[in-house]
A.B. asks: 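I have a structure here, written as structure tokens, and I will follow up with some questions on it.
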Amino acid sequence: CTSLRIVDFSPQLLPLRGQTIVTISLNEHFKGNLREVTLADVPCAILNAIDGLVRCRATSIEAPRQGKIRLRFDNSVLLLS
């Protein structure tokens, strides 16, 4: 069991056209390989994930959305936010 959680993320709002770099700060370092990041069920291309800090590039979407940030590691999925 882990106590991993999001401390902060920015930007809080993303343009529909995508291509925005999103930074997700976690409360602790994570173990394992980060395989996937989704923002409200929309993929966010991982740029790097080091020492509790994840950066990804948002993809474009057709309409505004709200939802959770999901991080999928080798053997687990964490729903955060």
Side-chain angles (χ1 to χ4, degrees):
C1 186
T2 181
S3 60
L4 193 63
R5 68 183 190 285
I6 290 177
V7 174
D8 193 20
F9 63 96
S10 66
Q12 299 287 320
L13 298 173
L14 299 171
L16 295 177
R17 65 174 158 58
Q19 301 305 312
T20 302
I21 304 297
V22 177
T23 301
I24 304 166
S25 301
L26 305 173
N27 66 316
E28 60 187 48
H29 301 283
F30 49 85
K31 296 177 183 173
N33 293 318
L34 181 61
R35 297 293 182 190
E36 179 181 54
V37 175
T38 58
L39 310 172
D41 296 323
V42 176
C44 191
I46 299 167
L47 300 174
N48 57 33
I50 302 169
D51 296 334
L53 191 67
V54 176
R55 290 177 20 136
C56 64
R57 183 180 312 277
T59 55
S60 62
I61 57 174
E62 297 291 320
R65 303 177 75 128
Q66 290 185 351
K68 297 197 178 288
I69 296 172
R70 185 178 74 149
L71 305 177
R72 185 172 66 84
F73 294 89
D74 287 329
N75 296 317
S76 64
V77 174
L78 299 174
L79 291 176
L80 304 166
S81 76

A.B. asks: Supply the atom-to-atom distance Asp8 CG to Leu26 CG, rounded to the nearest 0.5 angstrom.
C.D. replies: 10.5 Å
A.B. asks: Answer with yes or no whether the hydrophobic clustering places Leu16 together with Val42; edges join I, L, V, M, F, W, Y residues whose side-chain heavy atoms lie under 4.5 Å apart.
C.D. replies: yes
A.B. asks: So which heavy atom on Thr59 is nearest to which on Pro43, and how close?
C.D. replies: OG1-O, 2.9 Å
A.B. asks: Indicate if Ile46 and Leu14 have the same hydrophobic cluster label, given that clusters are the connected sets of ILVMFWY residues with side-chain heavy-atom separations under 4.5 angstrom.
C.D. replies: yes
A.B. asks: With rounding to the nearest 0.5 Å, note down the distance linking NE2 in His29 to CD1 in Ile50.
C.D. replies: 11.5 Å
A.B. asks: Assess whether side chain to side chain contact (heavy atoms under 4.5 Å, CB included) is satisfied between Val54 and Phe30, documenting all intermediate values.
C.D. replies: CA-CA 10 Å; Val54 176; Phe30 49 85; 4.1 Å; yes
A.B. asks: So which heavy atom on Ala49 is nearest to which on Leu34, and how close?
C.D. replies: CB-CD2, 3.8 Å
A.B. asks: What I'd like to find out is whether the side chain of Leu53 reaches to under 4.5 Å of the side chain of Ile24, using heavy atoms alone.
C.D. replies: no
A.B. asks: Got more than 12 heavy atoms from elsewhere within 6.0 Å of CZ, Arg65?
C.D. replies: yes
A.B. asks: Look up atom NZ in Lys68 and atom OG1 in Thr38, then write down how far apart they are to the nearest 0.5 Å.
C.D. replies: 11.5 Å
A.B. asks: Between Ser25 and Val7, is there a donor-acceptor pair closer than 3.5 Å when you use the side chain of the first and the backbone of the second?
C.D. replies: no
A.B. asks: Could you tell me the separation between the CG atom of Asn27 and the CG atom of Leu4, rounded to the nearest 0.5 Å?
C.D. replies: 5.5 Å
A.B. asks: Please report the closest heavy-atom contact between Ala58 and Cys44, naming both atoms and the distance.
C.D. replies: N-SG, 3.7 Å
A.B. asks: Is a donor on one side and an acceptor on the other found under 3.5 Å between the side chain of Asp74 and the backbone of Asn33?
C.D. replies: yes
A.B. asks: State, to 0.1 Å, how close Val22 and Pro11 come at their nearest heavy-atom pair, and which atoms those are.
C.D. replies: CA-CD, 4.3 Å
A.B. asks: Considering non-hydrogen atoms only, spot the tightest contact between Ile21 and Arg57 and give its length.
C.D. replies: CD1-NH1, 3.4 Å
A.B. asks: To the nearest 0.5 Å, what is the distance between CD on Gln66 and CG on Leu39?
C.D. replies: 13.0 Å
